[in-house]
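Predicted model, so just to flag it, every value in this text is computed and none were measured. We count ligands from 1, going down the list as the structure has it; atoms in each ligand are counted the same way.
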Amino acid sequence: MAHLFNRNILLGVSGGIAAYKSAELVRQLRERGAWVRVIMTRGAREFITPLTLQALSGNPVHTELLDATAEQGMGHIELARWADLLLIAPATADLIARLSAGRADDLLTTVALATPAPVLLAPAMNQQMWRDAATTANVATLRARGAVLVGPAAGEQACGDVGPGRMEEPPVIAEAAARLFASGVLDGKRVVITAGPTREALDPVRYLSNHSSGKMGYALARAAAEAGARTTLVSGPVDLQAPDRVHTLPVTSAQQMLQQCLALARECDIFIACAAVADYRPAQIQQRKIKKGAQQTSLQLVRNPDILATVANLENSPFCVGFAAETNDLLAYARDKMQRKNLDMIVANDVSDPAVGFGSDDNEVTVLWRGGEAALARAGKNTIARQIVELIARCSAADH
Ligand code: CTP
């Protein structure tokens with residue numbers, strides 16, 4: 001359990017049924033050592049009384065923007081400066097819309113504009129409202145401005161619907177808040193990660209690609225960001241949401257991925273190549289759609305650049321980590337690949353087992369580096385990613 005010792009947490013409560021859980025959240029935050037002050041919107045006060053949150057936080061609850069007595073004590077600017085974190089739980093669809101529009105029409109939205117502190121949102125709303133395109137766009141805007149989201153969870157809702165939109169439970173929110181402050185093993189390091197497949201165009205409507213889901217690379221990006229690294233993800237086309245606190249750059253082909261990586265490589269400490277880069281691309285991209293004709297045809301392919309080997313062989317190269325997917329002789333091939341490409345570390349996985357690897361949520365890998373190796377037992381890709389990040393932190397610190 002990560003602590004919040006001596007952190008000033010400004011808790012914003014907006015008007016949703018989940019507001020009743022805010023009482024427990026205040027208790028959880030205090031238990032972890034935080035100082036808590038609460039701002040309630042008018043809507044929130046319909047669901048829970050300020051008195052409850054005052055008693056639990058040990059401080060008067062702030063409700064009005066234009067309140068002469070409040071401005072003499074702790075007005076909106078003082079509150080905004082006081083906060084180490086602005087945590088809004090529940091964050092209703094309306095509040096998210098007002099924040100995204102940059103409104104300052106009540107105390108909470110005004111403080112959100114006025115504070116330099118990071119903002120953590122725990123959304124809570126009906127599943128259809130959460131899925132609505134307007135909410136999706138508002139959330140994307142807030143994320144792009146640096147807000148971090150915890151939840152919403154999926155399940156049965158107060159209104160009887162089932163789906164995503166339920167506010168996360170207070171312990172999960174408190175943990176997410178604490179993690180924002182956690183000084184991780186990659187604090188201050190700059191990490192670049194490639195993920196997903198590449199697509200190699202044949203003509204305007206067709207391409208060559210592979211089944212990589214990008215899940216492992218995205219899990220690594222999340223783990224690196226959680227560990228305190230400034231993380232950039234260079235991602236081929238995947239069906240995954242860009243992780244919080246990660247700068248995500250979408251690319252399509254291997255050549256585009258190489259260009260992005262070369263532009264970033266000189267400015268990074270650690271380079272992790274998790275992408276399933278197409279080894280070949282069509283020798284020519286036809287400008288017009290290829291029409292069918294003969295019963296047989298053939299394609300001429302040319303080798304794509306090896307992105308990882310290119311970065312690993314730069315002068316002053318970053319600490320380079322590769323992946324080796326093999327069906328047999330796993331460790332021998334992986335070791336050979338590590339040497340051939342001049343890598344500092346390689347993560348080997350056996351793709352003959354359908355329960356791990358491409359598309360699945362689990363993985364089981366052996367990590368090899370110059371001075372040793374570690375077998376990571378089968379686990380979810382997020383867990384494996386955290387363990388790999390720990391190993392990278394340890395080995396790169398010893399190496400460089
Ligand atoms: N890689 C890369 N650029 C390429 C090909 C691979 O950056 N053009 C990286 C992958 O991201 C991965 C590692 O290199 O980290 C995989 O090496 P590779 O030699 O392609 O291994 P396999 O895909 O297993 O291919 P093969 O066994 O055919 O050599």
Side-chain angles (χ1 to χ4, degrees), residues 191-201 207-221 223-224 232-238 249-265 268 270-283 301-314 317-353 356-359 363-370 376 381 384-385 388-389 391-392 395-396:
V191 176
V192 174
I193 300 172
T194 68
T198 63
R199 279 183 189 168
E200 310 300 329
Y207 56 80
L208 300 177
S209 191
N210 59 63
H211 288 298
S212 168
S213 64
K215 284 180 187 168
M216 193 64 225
Y218 276 57
L220 277 165
T232 305
L233 184 59
V234 182
S235 173
V238 294
L249 299 168
V251 295
T252 306
S253 67
Q255 284 173 302
Q256 289 171 355
M257 189 174 271
L258 176 68
Q259 291 317 317
Q260 281 289 9
C261 291
L262 282 178
L264 296 161
C268 86
I270 295 162
F271 182 77
I272 309 175
C274 198
V277 183
D279 289 323
Y280 292 91
R281 67 177 183 278
L301 302 175
V302 292
R303 275 289 287 271
N304 261 330
D306 190 313
I307 299 168
L308 175 57
T310 309
V311 171
N313 286 292
L314 291 173
S317 62
F319 184 91
C320 283
V321 184
F323 274 72
E326 309 289 348
T327 54
N328 53 290
D329 302 312
L330 181 65
L331 299 187
Y333 277 132
R335 215 165 263 128
D336 175 60
K337 218 165 267 183
M338 179 158 75
Q339 259 162 18
R340 212 164 11 92
K341 299 198 190 201
N342 194 25
L343 309 181
D344 299 289
M345 180 181 275
I346 195 153
V347 181
N349 73 332
D350 179 355
V351 285
S352 64
D353 182 348
V356 295
F358 272 10
N363 212 345
E364 178 182 337
V365 302
T366 302
V367 184
L368 308 173
W369 60 95
R370 291 198 180 136
L376 307 182
K381 283 183 173 170
I384 294 283
I388 293 175
V389 160
L391 286 171
I392 292 173
C395 294
S396 62

Derivation and outcome, side chain to side chain donor-acceptor pair (under 3.5 Å), residues Tyr218 and Ser235: CA-CA 9 Å; Tyr218 276 57; Ser235 173; 2.8 Å; yes
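With sequence neighbours left out, Glu326 forms a side chain to side chain donor-acceptor pair (under 3.5 Å) with Lys337.
Side-chain contact between Thr194 and Phe271 is present, with heavy atoms from C-beta onward closer than 4.5 Å. Using a 4.5 Å cut-off on side-chain heavy atoms (C-beta onward), Leu208 and Leu301 make contact.
Taking a 6.0 Å sphere around CZ of Phe323, one finds it holds more than 12 heavy atoms contributed by other residues, nucleotides or ligands.
Considering all non-hydrogen atoms of both residues, Met257 and Gly236 come closest at CE-N, 3.8 Å.
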Quick check for students: name every N or O atom pair between ligand 1 and the protein closer than 3.5 Å, with distances.
| from | atom 1 | to | atom 2 | distance (Å) |
| --- | --- | --- | --- | --- |
| ligand 1 | 3 (N) | Ile307 | N | 3.0 |
| ligand 1 | 7 (O) | Leu308 | N | 2.9 |
| ligand 1 | 8 (N) | Pro305 | O | 2.8 |
| ligand 1 | 11 (O) | Ala273 | O | 3.3 |
| ligand 1 | 11 (O) | Ala275 | O | 2.7 |
| ligand 1 | 14 (O) | Lys341 | NZ | 2.9 |
| ligand 1 | 15 (O) | Ala273 | O | 2.6 |
| ligand 1 | 15 (O) | Phe323 | N | 2.8 |
| ligand 1 | 15 (O) | Phe323 | O | 3.4 |
| ligand 1 | 17 (O) | Lys341 | NZ | 2.8 |
| ligand 1 | 19 (O) | Lys341 | NZ | 3.1 |
| ligand 1 | 21 (O) | Lys337 | NZ | 2.8 |
| ligand 1 | 24 (O) | Ala325 | O | 3.3 |
| ligand 1 | 24 (O) | Lys337 | NZ | 2.8 |
| ligand 1 | 27 (O) | Lys337 | NZ | 3.2 |

